[in-house]
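Notes follow the structure.
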Protein chains: 2
Amino acid sequence: MPYQGGVYGCPVEEALHMISGKWKPRIIHELLGQTRRFSELQRLIPGMSRHVLTTQLRELEADNIVERTVYPTVPPKVEYSLTDFGRSLEPVLEQLVGVGERYISLRKNEAVEK
Amino acid sequence: MPYQGGVYGCPVEEALHMISGKWKPRIIHELLGQTRRFSELQRLIPGMSRHVLTTQLRELEADNIVERTVYPTVPPKVEYSLTDFGRSLEPVLEQLVGVGERYISLRKNEAVEK
DNA sequence: CGGAATCCAAAGAGATACTG
DNA sequence: CAGTATCTCTTTGGATTCCG
């Protein structure tokens with residue numbers, strides 16, 4: 001669907017949507033540079049339930065950001081890694097870190113002024 | 001309601017949250033380079049209700065991205081413009097455009113393969 | 001171990017109607 | 001012209017329970 005100057009097919013919206021899950025940036029971060037097992041991700045990201053991890057991983061998979069490899073062993077073993085496209089997101093995430101930090105220091109200054 | 005900051009204060013989360021409103025990137029886009037009146041924004045972004053525009057503008061204001069100037073005339077006149085911090089978001093939005101476009105072309109290729 | 005199915009609460013987004 | 005005030009619908013995140 002072409003960019004209609006409107007809501008539909010807006011590239012920024014698409015981009016934001018695919019990394020805007022509550023834990024997605026964090027999951028991508030943990031996968032930068034290495035493959036991880038499901039249980040590893042669970043351990044690395046405390047506070048996130050199994051169900052939510054599953055949901056977010058499925059969505060990342062559907063968006064071609066993450067690849068899922070199942071080893072049909074007992075007990076089961078599933079590994080997740082970034083696709084090329086997923087790795088291409090790194091610079092954007094780094095920029096977002098910068099923005100977030102500027103934002104946080106801005107709010108601190110505001111608080112001081114009060 | 002403006003984001004109060006997560007427990008971890010993850011900068012990426014903060015950054016995403018403040019531009020993740022459904023119309024926020026579009027509003028910022030329309031304010032890049034020029035000041036706009038409320039009614040102008042409404043006209044420039046069809047499909048968005050007045051109420052939603054108000055809400056998004058209030059949140060952008062609370063996040064120090066947008067500045068609101070009221071002229072106490074009759075009829076009332078209100079202008080919106082980006083703050084310095086708001087303008088600093090431009091490179092990130094441009095990168096997000098790139099990501100979104102790569103994503104869209106990726107999905108097109110998938111569709112062709114079927 | 002790595003899920004799926006179900007249910008629930010909260011937040012986002014929009015429609016509609018009224019107002020200084 | 002530029003809002004507020006409600007109400008509703010939908011989407012998300014999370015808790016719990018069951019399964020190959």
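Residue numbering restarts at 1 for every chain, and letters A, B, ... go by the order of the sequence lines. We use all heavy atoms of the structure for the numbers below, so side chains are in, but hydrogens, waters and symmetry mates are not.
Remark: A:L82 CG to A:T35 OG1 distance equals 8.5 Å, nearest 0.5 Å. Here A:R68 contributes atom CZ and A:S81 contributes atom OG; the two are 12.0 Å apart, rounded to the nearest 0.5 Å.
If you take CG of A:L60 and P of D:dT12, they are 13 Å apart, rounded to a whole angstrom. Protein atom CD1 of B:I19 is 15 Å distant from nucleotide atom P of C:dG12, rounded to whole Å. One interatomic measurement links the two molecules: OH of B:Y71 to P of D:dA2, which rounds to 12 Å at whole-angstrom precision. To the nearest angstrom, P of D:dG13 lies 11 Å from NE2 of B:H17. We find that CZ of B:R26 is positioned 17 Å from C1' of C:dA13, with the value rounded to whole Å. Nucleotide C:dG14 holds its C1' atom 12 Å from the CE atom of B:M48, rounded to whole Å. Remark: P of C:dG14 and CD1 of B:I45 are 12 Å apart, rounded to the nearest angstrom. As a whole-Å value, the separation of A:L16 CG from C:dG12 P is 15 Å.
A donor atom on one side chain and an acceptor atom on the other are not found under 3.5 Å apart for A:R36 and A:Y80.
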Please tabulate, for side-chain N and O atoms in residues 97-104 of chain B, each donor-acceptor pair with protein atoms closer than 3.5 Å (sequence neighbours left out).
unit_1	atom_1	unit_2	atom_2	d
B:R102	NH2	A:S88	O	3.4
B:R102	NH2	A:S88	OG	2.6
B:Y103	OH	A:D63	OD1	2.7
B:Y103	OH	B:R107	NH1	3.2

(request) For each nucleotide in nucleotides 1-9 of chain C, reading 5' to 3', give B when a protein heavy atom comes within less than 4.0 Å of its base, S when such contact involves only the sugar-phosphate, and - otherwise. (result) BBBSBB---
(message) Using the rule given for side chain to side chain contact (heavy atoms under 4.5 Å, CB included), can you reason through B:E30 versus B:L41, listing the C-alpha separation, both sets of side-chain angles and the distance that settles it, and then say yes or no?
(response) CA-CA 7 Å; B:E30 300 298 349; B:L41 289 172; 4.0 Å; yes
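The existence of a salt bridge linking A:E59 and A:K24 is confirmed by a sub-4.0 Å separation between a basic side-chain nitrogen and an acidic carboxylate oxygen. Between A:E13 and B:K22 there is no salt bridge, since no side-chain nitrogen of the basic residue lies less than 4.0 Å from a carboxylate oxygen of the acidic one.
Dashed line: the shortest gap from a side-chain N or O of B:W23 to OP1 or OP2 of C:dG14 is under 4.0 Å. For the OP1/OP2 pair of D:dT11 and a distance below 4.0 Å, the side-chain nitrogens and oxygens of B:K22 include no atom meeting the criterion.
Backbone-only contact: B:Q56 has heavy atoms under 4.0 Å from sugar-phosphate atoms and none from a base.
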